[in-house]
Amino acid sequence: MSDTGAGPDSAVGEDSTAVLRILVVDDQALMRSGFSMMLGVEPDLEVIGDAADGAEAVEMCRRLRPDVVLMDVQMPGTDGIEATRLITAEALSKVLILTTFDRDDYLFDALRAGASGFLLKNSDPEDLVDGVRAVGHGHALLAPEVTRRVIERLTTPVPSDGRAPSPAGAGSRPPALDLLTARETEVLRLVARGLSNAEIARTLVVGEATVKTHVSACLSKLHLRDRVQAVVLAYEAGLVQPGE
């Protein structure tokens, strides 16, 4: 473990010119070093420390208040899911999950725990940098080509009798969904399919500013923190079916 940053008074808001303070969490020292080097060369990113497990990450977040935690999932002791739940419950930092996808069956639980997005460990360096920036500035990281596969996999349990699976959470419609207008519900479905604001605007033939207004209304009415939570809710409520 190492830490090199300042204290919690330097938290970053929506100012895109401010330096984002990053904590790297992985049980492999080589991975921590590699991620730290990739991020540390960027003028708007500062790696303030690294941690080898979830418990250490939570303690460092309480002390350093990073803007983004780059969080591994599978670690001994306190894993990335539990660490994410503790960090987001105390609003200590935003969390960006790193996963190997084919092995990390707990990713959906991590999103439920409050993660703001995820990346694959084999992502290109520029995708890692862009992802950290996106999460640090308050945007959920939902790459459509990955999001749909992950959500479909993790919301569609395989039944023991071998019959076709049904979507997890279908039928458990939260009452708060009734507060949405028809257009807001339509936007929520498109968000859950992994579309960006620009893509939603083209689909609905409206301005991107209008889409942003609808997305904000959805998050506010449903008491959701970001688009990741919106995706989880939409799938659990059955608004979107795996494979759509």
Side-chain angles (χ1 to χ4, degrees), residues 13-14 68-69 71 73 81 84-85 87-89 91 93-97 99 101 104 106-120 130-156 167-204 206-244:
E14 293 297 320
V68 180
V69 177
M71 180 76 75
V73 175
I81 296 170
T84 296
R85 186 186 67 79
I87 289 168
T88 58
S93 176
K94 299 180 180 70
V95 178
L96 175 57
I97 295 288
T99 176
F101 183 74
D104 291 346
Y106 302 116
L107 176 58
F108 191 63
D109 289 335
L111 297 180
R112 278 174 160 165
S116 292
F118 60 89
L119 281 174
L120 304 185
D130 289 343
V132 168
R133 287 184 179 128
V135 169
H137 293 303
H139 307 292
L141 186 65
L142 289 171
E145 69 276 11
V146 177
T147 300
R148 282 192 286 267
R149 292 175 62 199
V150 172
I151 297 296
E152 287 169 18
R153 174 181 175 181
L154 296 176
T155 58
T156 310
S172 55
R173 179 185 175 91
L177 284 174
D178 295 332
L179 300 175
L180 302 183
T181 66
R183 178 47 62 94
E184 289 165 355
T185 301
E186 189 174 14
V187 168
L188 178 59
R189 287 194 177 99
L190 295 174
V191 167
R193 286 171 50 198
L195 273 65
S196 67
N197 284 351
E199 290 169 332
I200 294 173
R202 289 194 294 269
T203 299
L204 300 180
V206 297
E208 192 168 346
T210 300
V211 174
K212 291 180 180 178
T213 299
H214 289 317
V215 171
S216 295
C218 289
L219 298 182
S220 176
K221 290 180 179 180
L222 298 174
H223 303 289
L224 302 174
R225 186 191 62 250
D226 55 35
R227 295 168 77 101
V228 171
Q229 290 190 334
V231 169
V232 172
L233 182 145
Y235 273 86
E236 289 183 332
L239 285 181
V240 180
Q241 304 297 327
E244 286 187 0

Which pair of non-hydrogen atoms, one from [X] and one from [Y], has the smallest distance, and what is that distance?
X: Met71; Y: Val95; answer: CB-CG1, 3.7 Å
X: Val240; Y: Ala192; answer: CG2-CB, 3.5 Å
X: Leu219; Y: Ala230; answer: CD2-CB, 4.1 Å
X: Val211; Y: Asn197; answer: CG1-OD1, 3.7 Å
X: Glu184; Y: Cys218; answer: O-SG, 3.3 Å

Measure the spacing between CD1 of Ile200 and CD of Glu208 and express it to the nearest 0.5 Å.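 It comes to 9.5 Å.
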
Distance in Å, Glu199 CD paired with Leu204 CG, rounded so as to fall on 0.5 Å steps: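 One finds 12.0 Å between CD of Glu199 and CG of Leu204.
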
Do the non-hydrogen side-chain atoms of [X] and [Y] ever get within less than 4.5 Å of each other?
X: Pro174; Y: Leu233; result: yes
X: Val187; Y: Arg183; result: yes
X: Leu222; Y: Leu180; result: yes

Thinking salt bridges, do Arg189 and Glu186 make one under a 4.0 Å N-O criterion?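 No.
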
Does Thr84 offer a backbone N or O that forms a donor-acceptor pair with the side chain of Thr88 under 3.5 Å?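 Yes, because the side chain of Thr88 sits within donor-acceptor range (under 3.5 Å) of the backbone of Thr84.
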
Would you find a donor on one side and an acceptor on the other, under 3.5 Å apart, between the side chain of Lys221 and the backbone of Leu179?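 Pair found, side chain donor or acceptor close to backbone of Leu179.
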
Where do Leu177 and Thr185 land on the side-chain contact (heavy atoms from CB on, under 4.5 Å) test, with the steps shown first? CA-CA 8 Å; Leu177 284 174; Thr185 301; over 6 Å; no

Decide side-chain contact (heavy atoms from CB on, under 4.5 Å) for Val206 and His214; before the verdict, give the C-alpha distance in whole Å, the side-chain angles of both, and the deciding distance to 0.1 Å. CA-CA 11 Å; Val206 297; His214 289 317; 5.8 Å; no

